[in-house]
Amino acid sequence: MKATTPAADRPQRRFNLLGTLVLHFRPRRVPERTLRFTLTWGLGGMAVVLVLLQLFSGLLLKFAYAPVPTQAYESLVRLQEGFLFGRLVRNIHFWSANLLVVVVCLHGLRVFFSGGFHPPRRLNWVVGLSLLILVLASNLTGYLLPWDQLAYWATTICLGVLEYIPLVGSRLQQIALGGPQIGPAALRNFFALHTAVFPALIVMLMAFHFWRVRKAGGLVIPRAPAEELAKPAMVPTNPDLLLREAAMAMAVIAGVLVLSLLYDAPLGQPANPGLSPNPTKAPWYFAGIQELLVHFHPSFALLIVAALAFGAFYLPYLHYAETPAGVWFASATGRRTALAAAVVAGVATPLVVVLGEYAVDFSAMMPGLPQALSLGVVPTALLIAVVAGFYAVMARMFQASRLESVQAVFVFLAVGWALLTATCVFFRGQGMELRWPF
Amino acid sequence: MKPSKIQTPGAQKSNEAPAEVTRRSFLNILWAVLGLAALAEFLWLTVSFLRPAKPGSAESETDTVVPAGALTAFAPGTVTAFQKGEFYLVRLEDGGFLALSCKCTHLGCTVPWVEKEKKFLCPCHASAFDITGNVITSPAARPLDTYTVTVENKIVKVDTGRRFKRSRFDSGQPVYPPKE
């Protein structure tokens, strides 16, 4: 077995690319318990495979695509109809892009709930979130490239939101658009960002991410809440870990292929700057923001998003009394508070959405006030009060520690966000009115 | 500073009196300053490279003024769409002209004029504007943007080069043709 070869023999070994180069950032041995599928669910590895699929399929697409408004759409039609497997390659790119967002989010949740963000893994939590942002940015910039109605208008409203960022907003929008509206300059910018800047940043940051995993001594070792860890039993990385990873990678590739064969990436009517479709929705991963925009003044919706993002980045640095790495949901109390939070958010969010649609209209209730107050300050203050109150109740009712209460708030907000996203994607019809999806 | 095994005269001195500027520390500072200056230059270069062409530059100056048509072609109380400049030429009931941008001020969708309801209705998020561009229904927070209208020799012209934001419609905004 390779892993047990004495060190003295190594220089005489034949040229071994796998062992010497590809695996140099892996440890030679890993704790046996970290191989448990229910620790990682293979999510980090899935993300790597999807990124690789993205790079390869994207590289192929680059040979077919013309980043000019007058030719972009036609070049895609030509790709799909004229190129051998052209449609399949585009479908693979489409599906692995969307799956990547899902997988990266789930990976983040897994790390959070298994206590993988405590020291020495705090910085890697920040790196991981940065990677999520880059993945979202890649997705958004890629969304415009097909230059059909869906692409054009979804990107228009996404860039429209930029204008509400205080101070730098209009400037930022100007730079992104390169003109009064989405046109050749915007497409050029998006193409450059999508095919060069973001992939390069993602690959570099991924390398850093993996290095930090290694520096932290590998993954958290799963354990029961009360269990103390003795010296863990180790197994060789090759083959114990590598075989599992290879199996996972092949399963992911097979899955993406099946999806790509069954469901085509959308390509609607060519973009028409004079005609907005009804309704126009942002890509699904930004639909949560769009749903917030229905309820809040745009500046305040962005403020909430910024606060959530900052909170997510700051999570590991809140000085917790205990740092139970490897214990799912921190403790027995943590499990109860998390469940309570999920139930409360699961009931409250749809209730608020429905009330906001049919019963409560802040701007009509306060006719004298400007919108920034009635749709901005008032509902934002309410939201802050709800979150703070929820934190206090969790701490009081369950005698929850800071970590357990913070986790409960995280669950509350995450479930709420997921439901807002689902509301916008499935339950909003013409003019963004609520409707049944079926 | 980490104590080094090789005691150079400079290091010795800086250990005893850290405030004193040695040749080495002076050169180090100089390098740092030069490096930062170089970095700033590159940043400035990158930013100015990426900045979009200024509105005053030669490329964008050409024909931003769109001749909309003869004065008599626009009856009071009508809205005429111009695909090329992406604006609406509105003639109010009192004869005043307004050129309204067709971009919704909420998120930038194109708002069609609905003649039946006498409203601009945004298909994206259901904002509604009246004929002067004022908001009737949120989420849009401010009225439709305007362009400058001029009337010369009974020809109405609209300058699409600059878009003006406003907080509400007021009587100073419409342009009235000179009385005959």
Side-chain angles (χ1 to χ4, degrees), chain A residues 152-164 170-171 173-183 185-186 188-189 192-193 272-282 289-290 292-299 301 361-364 370-372 374-376 428-433, chain B residues 46-55 57 59-60 64 66 81-88 101-114 117 119-128 134-143 145-147 159-165 167-168:
Chain A
Y152 188 90
W153 290 105
T155 314
T156 297
I157 62 168
C158 285
L159 289 182
V161 172
L162 285 182
E163 204 186 322
Y164 294 98
S170 321
R171 245 227 137 79
Q173 195 188 27
Q174 275 273 305
I175 291 173
L177 283 177
Q181 58 177 336
I182 293 185
R188 223 156 42 216
N189 287 347
L193 290 171
N272 176 359
L275 179 74
S276 306
N278 187 354
T280 291
K281 291 184 186 175
I289 301 180
Q290 197 177 2
L292 276 187
L293 284 171
V294 176
H295 305 276
F296 291 84
H297 184 275
S299 299
D361 184 351
F362 282 116
S363 73
Q371 270 196 20
S374 61
L375 292 181
R428 294 261 173 214
Q430 287 215 338
M432 291 303 281
E433 288 191 4
Chain B
T46 313
V47 169
S48 43
F49 183 92
L50 293 178
R51 191 180 305 165
K54 291 184 195 73
S57 67
E59 190 193 8
S60 58
T64 60
V66 180
F82 287 83
Q83 282 290 327
K84 187 177 169 251
E86 310 225 303
F87 63 88
Y88 290 106
S101 155
C102 64
K103 295 253 163 290
C104 179
T105 53
H106 180 227
L107 292 176
C109 290
T110 296
V111 280
W113 169 250
V114 181
E117 301 176 40
K119 277 180 193 168
F120 295 99
L121 279 178
C122 182
C124 293
H125 303 94
S127 296
N134 265 343
V135 179
I136 304 173
T137 318
S138 55
R142 59 184 162 81
D145 296 339
T146 59
Y147 294 107
D159 183 1
T160 57
R162 253 193 90 190
R163 205 164 65 191
F164 296 93
K165 293 177 182 176
S167 54
R168 69 179 63 80

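In what follows, every heavy atom counts, from backbone to side chain, and hydrogens, waters and symmetry copies are set aside. Treat the numbers as computed from the prediction; the structure is a model and nothing was measured.
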Look at the rings of A:H297 and A:Y164 and say which category their plane angle falls in: under 30° parallel, 30 to 60° tilted, over 60° perpendicular.
perpendicular
Applying a strict 4.5 Å limit to non-hydrogen atoms, the region of A:R428 in contact with chain B is neither
Okay, B:C102 and chain A: the region with an atom under 4.5 Å from a heavy atom over there is neither
Of A:P279, A:G160, A:S276, A:P273, the largest count of non-hydrogen pairs under 4.5 angstrom with chain B goes to A:S276
**Item:** A:E163 bridged to A:R171 by N-O distance under 4.0 Å
**Value:** no
Backbone N/O of A:A176 and side chain of A:N189: donor-acceptor pair under 3.5 Å: yes
task = Keeping the roles fixed (side chain from A:W153, backbone from A:L275), state whether a donor-acceptor pair exists under 3.5 Å.
result = yes
### Query
Would you say the side-chain atoms of B:D145 pair up with the backbone N or O of B:K103, donor to acceptor, closer than 3.5 Å?
no
If one checks every heavy atom of A:Q290 against chain B at 4.5 Å, the contacting part turns out to be side chain
Okay, A:I182 and chain B: the region with an atom under 4.5 Å from a heavy atom over there is neither
- Message: Could you check whether any side-chain heavy atom of B:L107 comes within less than 4.5 Å of a side-chain heavy atom of A:L293, counting everything from C-beta outward?
- Response: yes
Turns out that what part of B:T105 lies under 4.5 Å from chain A's heavy atoms comes down to backbone
Applying a strict 4.5 Å limit to non-hydrogen atoms, the region of A:S170 in contact with chain B is side chain
Applying a strict 4.5 Å limit to non-hydrogen atoms, the region of A:F296 in contact with chain B is neither
Bottom line for B:A140: the part with an atom under 4.5 Å from chain A's heavy atoms is backbone
One should read off an interatomic distance between B:S127 OG and B:F120 CZ, to the nearest 0.5 angstrom, of 13.5 Å
